[in-house]
Novice: 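Below is one structure. I have some questions about it.
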Amino acid sequence: MSRTEIMRAYLAERFVGQRFVLLAIVLSGAAFLVSTKPAEPLIALLRTLTSAFLLILALRVWDDLADRTRDAVEHPNRITVRITSSNAFVILGESAAFGWIALMLTGRDSPSRLLLFIALCIALTIWYRTRRILGSSRLSAYAVLSKYPVIVVLIAPGQLRTPIIAVPVLVSLYLLLCIYETLDDPSLQPLIFGRGSQP
């Protein structure tokens, strides 16, 4: 398969349209809630949605690459496992990340958002390299979900509002995603509901 074919196959398998459209909408809605009203709402909405898609894709690819060893055992049919070379996936993820950076640099607060993005990348790098020490890779799903409130801050269309408004929105978003992840992934349910739960 060519790199383009691999990318298309990855998007078809791992970037399922409906789920990620909904996620981008939810993150964009939260971004509007935590920021001041933009001067041009429609343009700001399009920018925010595009930014959400790009960051979700970039971090999704990174997460899948970090899970290749585990997926080789638990999900051997995933394309990230079947394709031995990671070059096409890396190119796809980096293209999405640089696409977001290019879009972000045309807006306001570019330096602070770039610094936050770098901090997020450093935190994820450290986490992916050390999470095995914690013993349960399942618990890492909840830790990785913390990237989504950060994405909301990164894509916010205006200045961030006061913490008394922004923090409850970000915490609520995180808890909502944790609930969804638990209900969506049967392997996480015994961690929450006990051993008697269905696997």
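Atoms considered below: every heavy atom in the structure, side chains included; atoms not considered: hydrogens, waters and symmetry mates. Model, not experiment: these values are computed from the prediction.
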Novice: Is there a path of hydrophobic side-chain contacts, each under 4.5 Å between heavy atoms of I/L/V/M/F/W/Y residues, joining V21 to Y148?
Specialist: yes
Novice: Do you know which two heavy atoms are closest between K147 and L120, and how far apart they sit?
Specialist: CB-CD1, 4.1 Å
Novice: Taking distance alone, no hydrogens or angles, what donor-acceptor pairs closer than 3.5 Å link side-chain atoms of residues 154-164 to residues at least two apart or in another chain?
Specialist:
unit_1: Q159; atom_1: NE2; unit_2: D109; atom_2: OD1; d: 3.4
unit_1: Q159; atom_1: NE2; unit_2: D109; atom_2: OD2; d: 3.3
unit_1: R161; atom_1: NH1; unit_2: L33; atom_2: O; d: 3.3

Novice: Heavy atoms only: give me the nearest S146-A143 pair and the separation to one decimal.
Specialist: OG-O, 2.5 Å
Novice: Please report the shortest heavy-atom distance between R78 and E13, naming the atom on each side.
Specialist: CA-OE2, 3.2 Å
Novice: Run the side chain to side chain contact (heavy atoms under 4.5 Å, CB included) check on L49 and I25 step by step: do they pass?
Specialist: CA-CA 7 Å; L49 282 170; I25 291 172; 4.2 Å; yes
Novice: Take atom CZ in R8; do more than 12 heavy atoms of anything else shown fall under 6.0 Å from it?
Specialist: no
Novice: Kindly compute the distance separating CG (L59) from SG (C121), expressed to the nearest 0.5 Å.
Specialist: 7.0 Å
Novice: Quick one: OG1 on T182 to CG on L177, what's the gap to the nearest 0.5 Å?
Specialist: 10.5 Å
Novice: Enter the distance from Y174:OH to E181:CD here, rounded to the nearest 0.5 Å.
Specialist: 10.0 Å
Novice: Side chains of D63 and Y128 only: does a donor on one sit below 3.5 Å from an acceptor on the other?
Specialist: yes
Novice: In terms of hydrophobic clusters joined by side-chain contacts under 4.5 Å, are M104 and I122 together?
Specialist: yes
Novice: Passes side chain to side chain contact (heavy atoms under 4.5 Å, CB included), I83 versus Y10? Steps please.
Specialist: CA-CA 10 Å; I83 303 297; Y10 174 84; over 6 Å; no
Novice: Honestly curious: do I151 and L116 fall in one hydrophobic cluster under the side-chain, below-4.5 Å linking rule?
Specialist: yes
Novice: Please write out which residues are connected to V81 in a hydrophobic cluster, directly or through intermediates, given that two of Ile, Leu, Val, Met, Phe, Trp, Tyr count as joined at side-chain heavy-atom separations below 4.5 angstrom.
Specialist: none
Novice: Can you tell me how far CG of L92 sits from CD of E94, rounded to the nearest 0.5 angstrom?
Specialist: 10.0 Å
Novice: Any side chain to side chain donor-acceptor pair (under 3.5 Å) pairs touching residues 32-48, not counting sequence neighbours?
Specialist: R47-T106
Novice: Determine, step by step, whether I91 and S95 satisfy the side chain to side chain contact (heavy atoms under 4.5 Å, CB included) criterion, reporting the C-alpha distance in whole Å, the side-chain angles of both residues, the deciding distance to 0.1 Å, and the verdict.
Specialist: CA-CA 6 Å; I91 291 172; S95 297; 4.0 Å; yes
Novice: Starting at CG of D64, measure out to OG1 of T80 and round the result to the nearest 0.5 Å.
Specialist: 5.0 Å
Novice: Any idea which heavy atoms bring A44 and F32 closest together, and the distance?
Specialist: C-CZ, 4.0 Å
Novice: Before giving the answer on side chain to side chain contact (heavy atoms under 4.5 Å, CB included), spell out for F20 and L23 the whole-Å C-alpha distance, their side-chain angles and the decisive distance to 0.1 Å.
Specialist: CA-CA 5 Å; F20 289 100; L23 179 58; 4.1 Å; yes
Novice: Ignoring hydrogens, what is the shortest heavy-atom contact between R3 and A88? Give both atom names and the distance.
Specialist: O-CB, 4.0 Å
Novice: What pair of heavy atoms forms the shortest contact from S86 to L65, and how long is it?
Specialist: CB-CD2, 4.0 Å
Novice: May I ask whether I101 and L46 are part of the same hydrophobic cluster, defined by side-chain heavy atoms of I, L, V, M, F, W, Y residues being less than 4.5 angstrom apart, directly or through others?
Specialist: no
Novice: Sub-3.5 Å donor-acceptor pair from the side chain of S2 to the main-chain atoms of E5, do we have one?
Specialist: yes
Novice: Which value, rounded to the nearest 0.5 Å, describes the distance between L57 atom CG and L11 atom CG?
Specialist: 6.0 Å
Novice: Give me the ring orientation class for F117 and W100: parallel if the planes are under 30° apart, tilted from 30 to 60°, perpendicular past 60°.
Specialist: tilted
Novice: When you group the ILVMFWY residues by side-chain heavy-atom contacts below 4.5 Å and let the links chain together, are I43 and L27 in the same group?
Specialist: no
